[in-house]
Every structure is written in structure tokens, then in C-alpha cells.
Amino acid sequence: MGGFFKRKADSSASVSSDESAPSDDNEKSSLLSSPSSDEKGSSYGDFTSVEGKPVTENTPLKSAAGGKSDVHVFVDEFAALPEHDARVLREQVQVPEFKATFWTLYRYANRKDKILLAVGFLSSVLSGVMRPLMTVVFGNVTQAFTDIGPNASYNSTKYNSTYKDMDYNSTYADNYYNSTYEYGEEEYITDFDFNKRISTLALYFVYIGIADIIFSYIGTFIVMDRGEVLSARVREQYLKATLRQNIGYFDKLGSGEITTRISADTILVQEGMSDKISQMVTNLTTFLAALTVAFVRSYKLTFILLSVIALIIVTMSTASRYMIKYFRASLMGYSVGGTLAEEVISSVRNVQAFGVQDRLALDYDKYLAVTEKWGLKAGLALGAMIGAMWFSVYCNYSLSFWQGSRFLASGELNVGNVVSVLMSMMNGAFTASHIAPHLKQITNAIAAASKIFATIDRQSAIDSSASVGATLESVTGSIELRNVRFIYPSRPDITVLRDFNLQIPAGSTVALVGASGSGKSTIVGLIERFYKPVGGNITLDGHDINDLNVKWLRRQISLVSQEPVLFSCSIYENVAHGLIGTKYEHVSEVEKRALVTEALKQANAMIFIDKLPEGLDTDVGERGFLLSGGQKQRIAIARAIVSNPKILLLDEATSALDTKSEGVVQDALDKAAKNRTTIVIAHRLSTIRDANLIVVMSKGAIVEMGTHNELLDKKGDYHGLVEAQQIDKLHEEKRAALLGQADFPADEDEKLIEMVQLSAEDVEDLKLAKTRTNASSRSISSLILAERPTRVDEKFSLWQLIVTIFKFSQPEHKWMAIGGISAFINGIGYPITSVFYANCIAAFQQTQTDPNLMRGTVDRFAGFFFMMAFVEGIAFIVTNGSLAYVAQRLVRRIRYMSFRQMLRQDIAFFDRDENSTGALTSTLSRDAQSVEGLSGATLGQILNAAVNVVAGLVLALSVAPKIAIVCAACVPVLIGCGFFRFAMQARFEEQIKKSHGKSAAQACEAAAAIRTVVSLTREDDVWNAYHEALEAQIKVSRPATNKSAILYGLSQGIGFFIMALAFWWGSRFLRSGEYSTVQFFITFVSMIMGAQAAGIVFSFAPDMGKAQSAAANIKRLMDSIPEIDAWSGKGEVLDDVQGDVEFRDVHFRYPTRPEVPVLKGLNITVKKGQYAALVGMSGCGKSTTIALIESFYRPLAGQVLIDGHDVSTLEITSYRSHLAMVQQEPVLYAGSIRDNVKLGSLHPEDITDEDIIAACKQANIHDFVASLPNGYDTLCGSKGILLSGGQKQRIAIARALIRKPKVLLLDEATSALDSESEKVVQAALDQAAKGRTTIAVAHRLSTIQNADVIYVFDSGVVCEMGTHQELLAKGGKYSELVQMQALEKTA
């Protein structure tokens, strides 16, 4: 399975080849493993390898030639074609590269937004000015303390050498107070004057604090709120742009990639516009303001120190460029992985049936390896930048003291000037260093925006949103294809139609028949303008459709596809979608319901809808999974005919219908076809007997044309197709007698609706759903369901979540330890610096007495600073590098394990609304991303700050405990604000996840069903629904954002209040002489630095909230143990399966719809080697029977047995290894044909090409595959989109046959096949059935006439059973079904 999900070699998803992934075999082999047999979902630490094989890290994305481009290298795959053809195809798939900038993020800001953002940024700027302003007051207070007398002496206590960490204004204020203070002498100040001065200055701190609270709140709230609003607009514009793209664009792009962009990448964009930018503006302002102060004090020294600042700026700009490049490559890798995840989750029944969870998870992991590789490079670039910045900061200290001492010795500057410049530059450098984590978020946002805006700016080759193009006043429906030549943009090496000519008169019914892949569905796609032909033209009423408005054209056409797509809403809403763009779109609800009901009656759907407790308002589930295939198709037909369209396109519209429904629906379609142009594609030829013209196609050309009778008389290809579908009958006289008993005129559809009545149990269950009933009157299923416990989501403590994430990172504990030790070194850097700083300041006092001694002392400590620059720089690189490695491994492991855990869940898990494909795909991307947001550089800064807090507290308490205790009593208030913000943000994230999940599911659903969306012209409808979901989300977010901003503002301003209190309280001890000035400032600076560090920690509260919410989701998923657990290893393992299958009084209801009974005491016995067929009305329980045999669900009562063993007691994986299933809607994946077939094998490593070819020959697909240029290496496209329905179904059959199962389950396995293929495949299936048990669900009765036993289902029980001939002789329901599929000449 290596490289299973590769894209084409010329895929746009490519990465640089000049950067190679880390190659550590030990790391690779220890990354991931299948959980042990007794794993219960709570152990995440033991990751070795999957199935004993080391995880490969080979990049599955094509490397760009020369390694020049990091992502999205466009290789012209159309170069070999004529220029005109190449241009037509190229414009349908090419996506121009987009270079985003910071200002691009604000593209959709209107005048109001710009004004608000200006206010927000101005408030952030004013908040940034507060700290430099505080230094002036700080200096004044310092001077006041030094003016009080002897205590101000610099050599008065033993604490001299440790003071001066932040006291950078003690001499700065000299100029202000030189009238009362001169070096070497003190002027006495009275207690009253001293207290008054201190009280006044303390009030200044209070005023600054109040201003900072206000400005921080305004700046943070506005920027966060506008970030939410503007990111919502980006999401909306991205969805709108996606919905207007031509279908060729989607053939090259999976819907999972779109989901990833809209759910994960837009969150990155939002974070780049949110509070991080506000904090960055504040820090940048502080830096510039501090620089201004420094220039005012001494421009010469400032200019010298600017060289170091220049180094910081160059470092940041260089590193950010690499970070954007690497992060863009990381996003590209995961977007392809997201498509794979979406494909796999959406086809989870197929995945579990074949037991390929681990294989597909490993393929998913290959894309995670790409993401990890480039994410690690981005993290290392960030670590290098932070390390270089801190190296520059300490070099700045060294240079400033060294050069400052020379200016002092020469008399150019006094101590106050030197210290002022020094402290301003230190302050500026310190704040600049805190820009880095915020810069990471912004660079991530810019990288994500590049991909999003590339799609937004792409000009669609066929733009359904464009207003250009003509509209006709009236449409008759005459269609003509003239010399049409067509090539699919995704498969340029195959010409599908060659000079194709066909005239379809207005009001006629034309049927297209022929082998799968002959071009029938292509014609439908061209009429709908899904694609552009490379030659010829198509006209409607004589007008070239290329000249007509796209949306108007599609509104004249209704399409029913081969695989019907329903949307996750009610039956009524699904059918009402067919009224979009018609005169009925805005009629009253009553009129709309009447139209919908009538359409459903015509489609023979009301017969089952009336049984549902909620009737028309019943939700159909994601992609309509709560309905059977036939039920979905009838609703899709109702949706198509409800608007009374001018042109009706039916692409195998009745393939999934049972014979009775087909008869009634076909009659309705025949009536609907009158006075309108109808194009029918059909393999079941009984549905097109009455067509005005039947066109037989082969390899993109017309072989013969005529009516049903004319073509039968010709004895040509069509005659052969008809013969292949004839059903063996009894002797003519018996048949005549049977017909007399079972004749079923097509015009009696109303009578058929009345034939199926609610059983007694149905009535009881309807009562149960609407009213309380006595226990005695309730069904068996109802009583069992009533005893089942209600599912409740578990809540987890913060400690539990930390332990969970810690376990995930267990293999990287040594790297975490290295990162932690380095972070500790980073954290104690400032306390050590304070020692050097204090000694330098003490040395400055000797300037006048012994300048040479002063310079010697300062030179020595400047050298220490330079040494610290190397130590701290290296430590920061190690911290961020090691934690970035841990973070990327963690993210990869979380995504991989979450994906595997999802695939572990039983089918009932996926049936629940909250577990839609879009929601789960979004969870995979979003949760890991949220955990990553609190790791790497962010985690390093948090650890650094935590060390600072603890060290500061210890130092303060040891030096001046009386002052420290008062300050410490206030710090919890500061920390409390941050903590409450974190707790509130965590709760808020839970709400956001639900709303994001809902909106992401809507977008994913629309992208996955893009053909249906555009054919219904639902683009505006989908966008409006998405817009409303986002608007509701913003309304929910705003109050939480407001509270968060208030708490953030308080956490910023309270620090100034603590300063005011500390100075006011400390002044008393200073005046009394209990503590010296040095003792006071050591305590004060330690506490304030600790408080500021705590503020830094909780400035990441939003990231913490997201991480906590994500960790809770991850733990909840990991702890989820399904009822049917393929990982448990529990249960009996059957060494040899014979194939006896039995249902004993089985009752069943779907877990998500417990009020609707499906099976009501089903009894079936299929002996070893028998071929059993299940027939009956759609929704009668046939496919449910297959699902129970596959052990997708457990029956509520009764038993499903194999060889006499209850399947619920068997080990699931080994049991399913004896089964193979072919579904009604075949599922293929975006790999090659070879890989898709091999996926069915139990031991893929032992499968040879000969085995694959033999299986494909049995499935009658080998000749087609061999005719392709790339043969078995031909890519199938996302969900097999590059193949026709019949081709997909034959490959799915080959995948089942290569498994060599003991029990073969066929759920409408040949419904999408043409007659010729069906005959051959059916013969192959009949041959394959020998020696094994085969259970087939079929509506096309010719496929099961040779079955050993046929069970006829009705309302969840068997009403008839026997062989084909026996059931015909009975003249019952089966006989009626047979007569409706007769293909003799029409009258």
C-alpha cells in the first residue's frame, strides 16, 4: 500500500526537493503503533509501528524540479496536445499562484471596519506608550527614594551587587532633582514632603494603570471582534469562490482539501488578525517609544546601539520569510491528507467491511510526515530567530555598558544619560523579543491566506455566478451536438467523444445506452456545462450554450444523477431545492408543500414517507444515509420534476429502485417527459422501451439509432443488450395464466400506493413516537430501546487533559526534558543579568574618583554580558528547536491516532449528526492545530515566564519579606484575571467548536456534492445558509470576546496598581530605615517582573482555551469504546468458515432513528454455497440485512448466525476477513486502479499483478484498463471521479473477488452496469459464487433469476421465498415484479 494515495505526477501538490526530511529510523519506528488487543482507548503512549512495519516518511508529494518552489509547482500536462485543446483544458484546472501579504488579510474590511480597526490599533499604540511613560514616573520615584538621605548610598548594604535589574531611572531623574540632590551630598527632606511626593507619584501609577486597562480593553476587543467578522467574510468569499468554480477544478481537488481550508486555514487567518496583532502593535509601540527616549538622552550612544537593533530586524525579516515558505508547504501537505481523510471517513462502511483501517491510516500518515517535516523546519526557523534576537539583546547590554563607560570616562555623558539610554534600549529589545510568538501566528496566517486567496481570485472557466450570457424568453428544448470532441481535463490522454453528432428534437425522449465508459454521462455533463468541449458546439434552440448565461441554462434543466445526492436537511427541504430559480421559489409555504407532496407522490415516495413519524419533516442525515438507495433516488426524482423543467436529464435515475417503484416512477417520468425534452441514460432497458429515439453508443461514437421495436428488428447491438436482460419464464400457457393474476397496469399508480399498509407494529411505533403508551402495547424493539442508557459526554479536569497530552508526547520525553532545562536557563537569565547590571551601576559611581577602575570593572562585566549572549542565545535555540520537534511529532501523532480511533468506531458513531464527515475532518485538522498553538515557541515562553515568577518570588521573600508579602498578596489578583480569562475561553471554545463544526459540515457537504449543487443552482442558497451560520457564530462570540478583553485589560493595568501600592508601602520601610533602597528595589523588581511574567503567560489564554477544548475532544474520542470493537480482540475466532448464514427472529431499528422499525422478526436461512437473493420495495430492510451480516450494527432482538455461531460473539476482524461486500454506490479512492483492487486483499504484500489481472478479468474490467495509456497505474481520482459509474462498480467487484471470500455480499452490485457488462459480470459472479455463500440484493431481476433461493421482503419481514420458477408459479408479489421488467416489443 506504499504511496496508495499519491496524486498524479504532475499534481499541483508538490514540495521542494532541496530540503530533505529528517531520517531517524529509531524515531520512525517508535512513532506509531496499532493498539494492543486489550487497549481500551485510554493509552496513547506506546507507539512503535503498525502491523510490525516501521512507518515510512517518504514524501508522497512530487518534488519540484530543482527544488526552487516550495509548493504548488504547475507542470503543464497538456503540452503534448494541440494548442487550442491545451488552452481549453488548462483554463479548467490551472490555479494561479497568489502571494499574500499582511494587508491581504484585511481585504474585506469596509469603511466601518477600517474606522473601528483604526480605533483599535490606536488604543493598542496608546497602551504600548504606557510602559515607556511609566519609566518616567519610575525614575521620579527612584530619585525620591535616593533623595531621602544615607539610605540612598550605593554602597550602603550587602545587596548592592544584586540590585539594578530594573532600576534604570534611579539616575535618569537626576536632571529633575539636581536642585535637591548632588553626588556626594544629601539634602534633608521632611517626612511630610517625602510622603506627599510618594503619594503623588503613586497616583500617577494608578492613572497610568487605569489608562492601560481602558486602552488594552478597547484595542483587544475591537481587534478580536473584527478578526472574527473579517475571517467570517474570508470564509464566505472562499466558499462563494469555490461554488462558482468549474467542475474540472474539483476533479483535481478533493472536497477534504476544501474542508481543511475552510475549517482550519481560515482559523489561522483569524488568529493572524485577532488579539495577537493587537499585542504585537503594543510591543512594537513600546519598542519605538523606548527608542525615542534613548535618542532624546543621547543620540550618539543610541546610534551605536542601533547596530544591534538592526541585527534583530534583519533576523526577524529573514526568518519570517522562511517561516512563511515552510509553513505554506506544511499546509499543502496536510490539505492533501485532509482530502484522503474525508474520502475515508465518508466511505467508512467500505473501510470497515474490508478491514483496511490500518492500511489507510498509514497512507494518511504519509501526508502527516510531509506536514511534520515542513512544520519542523518552520519551528526551527522560529527558534533560530528567537535565539538570534536574545543573542542581540544581551549583546546590546554588553555594548551599551562597554561604550557607555567610555563616554562616562571622557565626560561626554553623565551616569543618568548612560543608564537612561541603556534601559530604554534594553526595554525596547525586551519587548521586541516578545514579538516573535505573535509574529509566528501572523506568518502562519499569511501562508494560509495564500492558498485561500488563490482560489478566491481564480477566474472560473465556467462561472455560474457571472451575469454575462444571453437568456432566452422561451425555451422549446431542441438540443443539438455538432462535431463535439471532448477530453476530461483530469485525463488529457484520453479522447472521450470524437466528432460526436446528435440532434434531439424539442419535446422528445432520447435514450442513451451502451457500455460503461462509452460517453453517455459525458453528454449530460456537457449539456449542463460542467465542462467545455475542445471542439464542436452544443446548441439549445439554435443558440450555442457557451453564449447563454450559465445559471439561467441550468435552471431550464433538471438532473437526476446515477448516485443521487441528498443534503443534510428534511425531505421537504431536499425536494424544495428543486424550486430554486423558478417562479415557485418564493411562493407561500402552503403552496410549496403542495408542490413538493405532489412531486413525491409522482415519484412513489409518499408511500414510505407517510410511515415516518415526522413525515416530510424527517431529516435524511448526511448524504441521506438514513434512507435506502431506492428511497434516496425517489426523493431525487421528486426534486427534479417538482419544478416542471423544460429539459429533464436522467442519468440512471431508476437504477436503485425496486421493480414496483420503478414501474410507478417510470410511468410518472413518462408523463413528466411529455411536452419536454428528456435525455435518459439507462442500463435497465425496460425503462426506455417507450423512448422516441434510442441511441446506442460505444467508445464515444454512435453505433445505431432507432425506436425500441426498430432496433430489435435490426438484430444489432441493442438486440444483444435486450437479450442479455431477458428473464427466463415458465411455459407460455403458464405465463399467460400468471399474467391474468398479476397484471399491473402502469396507470394505476394510486392503487399501488394504497397497497402497502402500515402493519400493527408500525401503528404501535407511530403511537410510541407521538404519545406515551402502556408497556403492554409496545413492540419488542421499543421495550429494549427504553432500557438502554442515554449517552452523556464526559467532562474532564485540566489535570486529566494535561496527562493525556503528556502521554501522547511520551516518545519525545527526552526532547521535552532538554527543552525544559533550556527554558529554565532562559528563565534565570534576567536574575543573573541583574547581578551584572548592579555591579556595572556600582562601578559607574566610581567615575569621578577612579575612571580607570570603573572602566576595568565595566569591561569585565560587559564581557560577562557577551558570554551570556552566547549562553542565552543557544539556550533559546535549543528550547524552541526541541519543543518545535516535540510539537510537530505530537501533532502528527494526535492526527494519526485520532484518525485511527475514528475508524475504530462502529457505524452507529458515524450515523450521529455531530459526527458528520465534515465535522470529523474539521476535528482532525482543528484539534491538533489548537494543541500545536500552545506548544513550540509559545510553550517555551510560558516555561520561561514560569521560572521568572518562581525565581522572582523566592528572591523577593529572601531580601525584604515584609514588602514582598504585601506585593505577593496582590499578584494573585493579576494571575486570577488571567486564569478566569483562560477558563472562560475554554468554555467559549466548546461553543465555537460546535458552531464551527456545523458550518464546516455545511461547506464540506456542498463541496462533496458540487455537481448536484450547481445543477440545482443552489450556490446562493448554500452561501446564504453558511452566512447565517457564521453570523450566528459571531453573535455568540461577541459577549465572550468582550469578557475576555475586559479580563485582559485588567491583567495589564493591575500591574501598575501593584507598583503604586509597592512604592507607597515600601516608602514607609525606607523612611524608617528598616530596608535600604537596594533591598526595596530588589524586592520590587522581582515581584513586578514576576507579575509581568504571569501576565505574559495568561496573554496566551485564548491559545490555552483552544488547547484545553481540543485536548478534551481528543481524550473523549480516545476513550470512546464502540459496542462493536474491531480492536478488542475479544470473541471467538473461526478457523474455517463454511458459509451457513441464518437470521432468527431479528428485530432492528437504526440507533439514530429508534422510532422507526426496520426489521420486525426477520427469519432467513442461507445454506453453505447457496446463492440467495433479496428483493422487495426500497426501504423494506434488504440493505439493512447486509449491514447486520457485516456486523455494522447489533440486532435489538434475535440472532444473526454464521455456521451456527452468533456473529456478536465472534472476533470482528477475523470474522469480516471471510466476507466481501460490493455496495450499491461503489467506493473508490484517489489511488491507482491497481491499488484500489489490491485494497480488497487480506495480504496485499502477497498479491501479484497476475492476481489483480485475474480478478479484473472476472469483473470484466481488464480490457478497459489495458486500453488506458497507464494501464493499472491509471489514477481513479478523488472518490473515483475520473471513472464512469459502471467502471467504478466493476473495479469494486474485482476488489471483492480478489479477497476470495467465503461469503460474498452484493448490494445492487451490478446496478450501474450496462447490459453487456452485466451479463459478463453476472456470469463471473455466478462463477465466483460456486463454493461460497452469496447473498445478493437486486432490483434488476435478470441478475438473480439463477439464485438458489429468493427472499421477497415486505415491511421488514419475508413475505415469499423460493426459486425464480417457484415464485413465478405462485403468482404473488415476485411475479408482479417480473412482469414489470418484461422487454418484449411494445404495442
Side-chain angles (χ1 to χ4, degrees), residues 239 243 464 528 551-561 563-627 630-650 653 665 668-669 671-672 676 913 916 998-999 1001-1003 1005-1006 1008-1029 1179:
L239 181 62
L243 295 177
S464 61
E528 279 270 13
K551 188 166 282 189
W552 175 87
L553 171 68
R554 289 173 179 165
R555 284 176 173 172
Q556 313 310 309
I557 302 170
S558 281
L559 169 67
V560 182
S561 300
E563 297 174 10
V565 174
L566 300 184
F567 298 98
S568 184
C569 53
S570 69
I571 294 172
Y572 164 72
E573 289 170 311
N574 267 289
V575 178
H577 288 152
L579 297 173
I580 292 171
T582 71
K583 61 183 179 181
Y584 305 110
E585 182 178 4
H586 301 296
V587 299
S588 69
E589 194 73 9
V590 174
E591 290 178 87
K592 241 186 216 184
R593 279 194 170 262
L595 289 168
V596 168
T597 303
E598 181 57 33
L600 287 165
K601 283 180 180 176
Q602 288 184 34
N604 195 29
M606 289 305 294
I607 197 167
F608 75 86
I609 293 172
D610 283 338
K611 292 183 181 181
L612 301 172
E614 296 177 46
L616 284 176
D617 296 317
T618 301
D619 195 285
V620 301
E622 186 186 13
R623 294 190 176 101
F625 76 86
L626 295 176
L627 303 176
Q631 291 168 341
K632 285 195 288 184
Q633 208 152 25
R634 280 181 275 174
I635 292 171
I637 291 168
R639 181 174 62 194
I641 63 178
V642 70
S643 62
N644 196 24
K646 294 290 184 182
I647 300 167
L648 191 58
L649 305 178
L650 306 174
V665 171
L669 290 175
K671 289 178 182 176
R676 71 161 56 94
D913 288 343
S916 65
K998 182 181 177 183
S999 58
Q1002 287 178 329
E1005 181 183 56
I1010 189 65
R1011 282 171 170 76
T1012 305
V1013 169
V1014 299
S1015 68
L1016 292 169
T1017 64
R1018 271 201 70 205
E1019 297 96 327
D1020 292 340
D1021 179 51
V1022 168
W1023 186 86
N1024 287 331
Y1026 187 65
H1027 171 74
E1028 288 172 9

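We count residues from 1, following the sequence as given. Keep in mind that what you see is a predicted model, and the values were worked out from it rather than measured.
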**Request:** Return yes if some donor-acceptor pair links the side-chain N/O of Arg554 with the main-chain N/O of Glu528 below 3.5 Å, else return no.
**Result:** yes
**Asked** Between CG of Leu650 and CD1 of Ile637, what distance do you get to the nearest 0.5 Å?
**Response** 7.5 Å
**Item:** Stepwise side-chain contact (heavy atoms from CB on, under 4.5 Å) check, Thr597 with Leu616
**Value:** CA-CA 8 Å; Thr597 303; Leu616 284 176; 3.6 Å; yes
**Message:** Show the nearest heavy-atom pair for residues Lys592 and Tyr584, with the distance to one decimal.
**Reply:** CE-O, 3.7 Å
**Request:** Return yes if some donor-acceptor pair links the side-chain N/O of Glu585 with the main-chain N/O of Gly581 below 3.5 Å, else return no.
**Result:** yes
**Request:** Quick one: closest heavy-atom pair of Val560 and Ala640, and the distance?
**Result:** CG2-CB, 3.3 Å
**Complete:** Between Ala638 and Leu600, the two heavy atoms sitting closest are CB-CD2, 3.6 Å
**Item:** Closest non-hydrogen atom pair, Ile571 against Gly615
**Value:** CD1-O, 4.1 Å
**Prompt:** In terms of side-chain geometry, is the basic nitrogen of Asp617 or Arg593 positioned less than 4.0 Å from the acidic oxygen of its partner?
**Reply:** yes
**Request:** Please round to the nearest 0.5 Å and tell me the distance separating atom OG1 of Thr1012 and atom CG of Leu559.
**Result:** 7.0 Å
**Asked** Side chains of Leu243 and Val1014: does their closest heavy-atom pair fall under 4.5 Å?
**Response** no
**Asked** Side chains of Ile635 and Phe608: closer than 4.5 Å at any heavy-atom pair?
**Response** yes
**Message:** Under 6.0 Å from the ring centre and within 45 degrees of the ring axis: does the NZ or CZ of Arg639 meet both conditions for the six-membered ring of Phe567?
**Reply:** no
**Fill in**
Heavy atoms of Ser643 and Gly578 approach each other most closely as CB-O, 3.2 Å
**Request:** Look up atom CG in Asp619 and atom SG in Cys569, then write down how far apart they are to the nearest 0.5 Å.
**Result:** 7.0 Å
**Prompt:** Can you name the residues that form a side-chain contact (heavy atoms from CB on, under 4.5 Å) with Arg555, not counting sequence neighbours?
**Reply:** Lys551, Ile580, Thr1017
**Prompt:** Is there side-chain contact between Leu579 and Val587, with heavy atoms separated by less than 4.5 Å?
**Reply:** no
**Closest heavy-atom pair and its distance - Ala636, Leu566** = N-CD2, 4.3 Å
**Item:** Beyond-backbone contact of Ile557 with Pro645, side-chain heavy atoms, under 4.5 angstrom
**Value:** no
**Asked** So, Lys632 side chain and Val565 main chain: donor-acceptor pair closer than 3.5 Å or not?
**Response** no
